Amino acid sequence: MFADTMVKLLFVTDKLRESPWEDTRRTVDCHTLYWVMSGLGSLAANGERFRLEPGTLFYLAPGLELRLTASPSEGVRIAMALFDAATLRHADRQWHGPEPIPDLGLPFMERYVGPERKEIDAAFRSIVRGWAPGSDQGELSCRMELLRLIAKLADRGRAPAKHPMEEIVRRVRDDLVAQYGAELRIEELASRYSVSPSHLRKWFANRYGVPPKAYLLRLRMEHAARFLLHTRAPVKEIASECGFKDELHFSKAFKKHHGLSPAFYRSKLRSSM
């Protein structure tokens with residue numbers, strides 16, 4: 001999802017809010033990240049009240065209202081980033097979009113500890129330090145940092161997994177991405193992490209929408225399309241690079257996925273360049 005995501009920072013701030021302090025979210029037509037850096041306080045949203053404490057991250061999708069309150073004893077320091085988000089896809093040598101994203105699908109609240117907390121804290125400090133309206137270099141740098149942060153929060157940057165299988169399926173997914181050209185079987189992956197193939201298949205599909213085999217095929221087809229477009233490598237060589245034993249099976253899989261044979265896909269896209 002996030003490979004096609006673009007963001008536009010609207011406002012960034014990092015201030016110590018001393019008691020008595022209350023604030024209501026006034027800009028509700030954009031995405032917002034709140035990172036509690038120090039101090040204590042509370043956040044009220046959806047009829048519930050949540051504790052503000054260091055290492056806590058809140059994500060608010062557009063439309064959600066809330067009220068922040070600092071602790072009477074020590075106040076609270078919060079880094080805040082307001083931004084718009086949209087998808088901009090590039091397919092068949094054409095741009096599609098942008099299309100506004102109504103919800104990034106991030107957890108509403110997560111608490112972080114240890115190295116993860118330090119990493120997220122460093123990311124927010126970098127965004128706050130680098131954001132300067134009117135500066136192209138600062139804007140681009142902060143956008144990249146924000147996109148990295150969003151991707152981390154969505155995939156690997158959450159608090160320790162509530163179930164051991166959550167961490168296992170993340171590792172299996174990383175294995176597929178890194179070794180898409182290798183001969184990977186569900187039995188081998190399951191054995192690698194000491195789980196049953198059926199258990200791994202079920203958990204993986206729940207997390208990523210498809211079983212490991214289908215996920216791996218999609219990766220291979222994406223890489224194959226890039227090889228065809230950006231290299232002059234023979235189809236047979238691309239097939240081998242993408243984990244297929246022969247050109248025939250690769251061509252059938254590619255046509256089923258992309259709707260065109262590898263040779264026609266290459267010639268059609270290159271003629272449009």
Side-chain angles (χ1 to χ4, degrees), residues 1-3 5-19 21-71 74-86 101-131 141-163 166-167 170 207:
M1 170 185 176
F2 297 105
T5 299
M6 56 187 299
V7 295
K8 172 64 177 178
L9 278 163
L10 305 175
F11 184 69
V12 177
T13 185
D14 162 25
K15 291 184 178 180
L16 175 62
R17 314 292 183 172
E18 296 181 350
S19 183
W21 174 78
E22 286 191 353
D23 188 41
T24 300
R25 185 191 188 199
R26 298 181 178 86
T27 306
V28 298
D29 59 348
C30 65
H31 303 264
T32 306
L33 287 173
Y34 290 99
W35 173 247
V36 185
M37 307 180 81
S38 63
L40 298 171
S42 64
L43 179 151
N46 292 329
E48 297 186 57
R49 185 172 293 274
F50 304 88
R51 179 180 172 85
L52 297 179
E53 58 182 273
T56 307
L57 179 73
F58 291 90
Y59 164 67
L60 280 71
L64 182 61
E65 298 182 356
L66 63 76
R67 175 174 290 277
L68 298 165
T69 306
S71 165
E74 56 183 297
V76 63
R77 182 181 179 187
I78 301 175
M80 178 178 66
L82 280 69
F83 58 97
D84 286 330
I101 300 175
D103 192 324
L104 289 168
L106 303 178
F108 170 70
M109 182 187 74
E110 289 282 2
R111 290 193 173 93
Y112 296 86
V113 297
E116 285 187 336
R117 175 179 166 183
K118 291 181 179 179
E119 187 175 350
I120 295 174
D121 192 73
F124 270 96
R125 290 179 186 274
S126 176
I127 293 171
V128 170
R129 184 172 57 251
W131 188 68
S141 176
C142 290
R143 285 185 192 178
M144 292 173 62
E145 190 68 55
L146 179 59
L147 283 170
R148 280 195 292 265
L149 178 61
I150 290 171
K152 176 177 177 60
L153 297 176
D155 194 34
R156 294 189 299 272
R158 300 180 183 179
K162 297 178 181 178
H163 193 286
E166 294 180 8
E167 179 61 25
R170 283 199 290 265
R207 176 66 178 83

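In this text, all values refer to a predicted model and were calculated from it rather than measured experimentally.
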Can you tell me how far the CG atom of L33 sits from the CD1 atom of I78, to the nearest 0.5 Å?
12.5 Å
Here the gap from L10 atom CG to H31 atom NE2, rounded to the nearest 0.5 Å, amounts to 9.5 Å
Under a 4.5 Å cut-off applied to non-hydrogen side-chain atoms, are I127 and D14 in contact?
no
Rounded to the nearest 0.5 Å, how far apart are CZ of R51 and OG1 of T56?
8.5 Å
Going from CG on L149 to CZ on F124, what distance comes out if it is rounded to the nearest 0.5 angstrom?
5.0 Å
Find the distance between OG1 (T32) and CZ (F11) and round it off to the nearest 0.5 Å.
11.0 Å
With a 4.5 Å heavy-atom cut-off, do R143 and K8 have their side chains touching?
yes
Could you check whether any side-chain heavy atom of L146 comes within less than 4.5 Å of a side-chain heavy atom of W131, counting everything from C-beta outward?
no
Using the rule given for side chain to side chain contact (heavy atoms under 4.5 Å, CB included), can you reason through M80 versus F58, listing the C-alpha separation, both sets of side-chain angles and the distance that settles it, and then say yes or no?
CA-CA 10 Å; M80 178 178 66; F58 291 90; over 6 Å; no
Test side chain to side chain contact (heavy atoms under 4.5 Å, CB included) on M37 and D121 and set out the steps.
CA-CA 7 Å; M37 307 180 81; D121 192 73; 3.6 Å; yes
Nearest 0.5 Å, what's the CD-CG distance between E116 and L57?
11.5 Å
Do I150 and L104 have side chains that get closer than 4.5 Å, going by heavy atoms?
yes
Using every non-hydrogen atom in the two residues, find where S38 and P54 come nearest and quote the distance to one decimal.
CA-CG, 3.8 Å
Is any side-chain heavy atom of C30 closer than 4.5 Å to one of D84?
yes
Minimum heavy-atom separation for G130 to C142, with atom names?
C-SG, 3.3 Å
For the student: nearest non-hydrogen atoms of A79 and V128, plus distance
CB-CG2, 4.4 Å
Could you give me the CA-CA distance, side-chain angles and deciding distance for L153 and Y59, then say whether side chain to side chain contact (heavy atoms under 4.5 Å, CB included) is met?
CA-CA 10 Å; L153 297 176; Y59 164 67; over 6 Å; no
Identify the heavy atoms of A61 and P102 that sit nearest to each other, and give their distance.
CB-O, 3.9 Å
Could you check whether any side-chain heavy atom of L52 comes within less than 4.5 Å of a side-chain heavy atom of Y34, counting everything from C-beta outward?
no
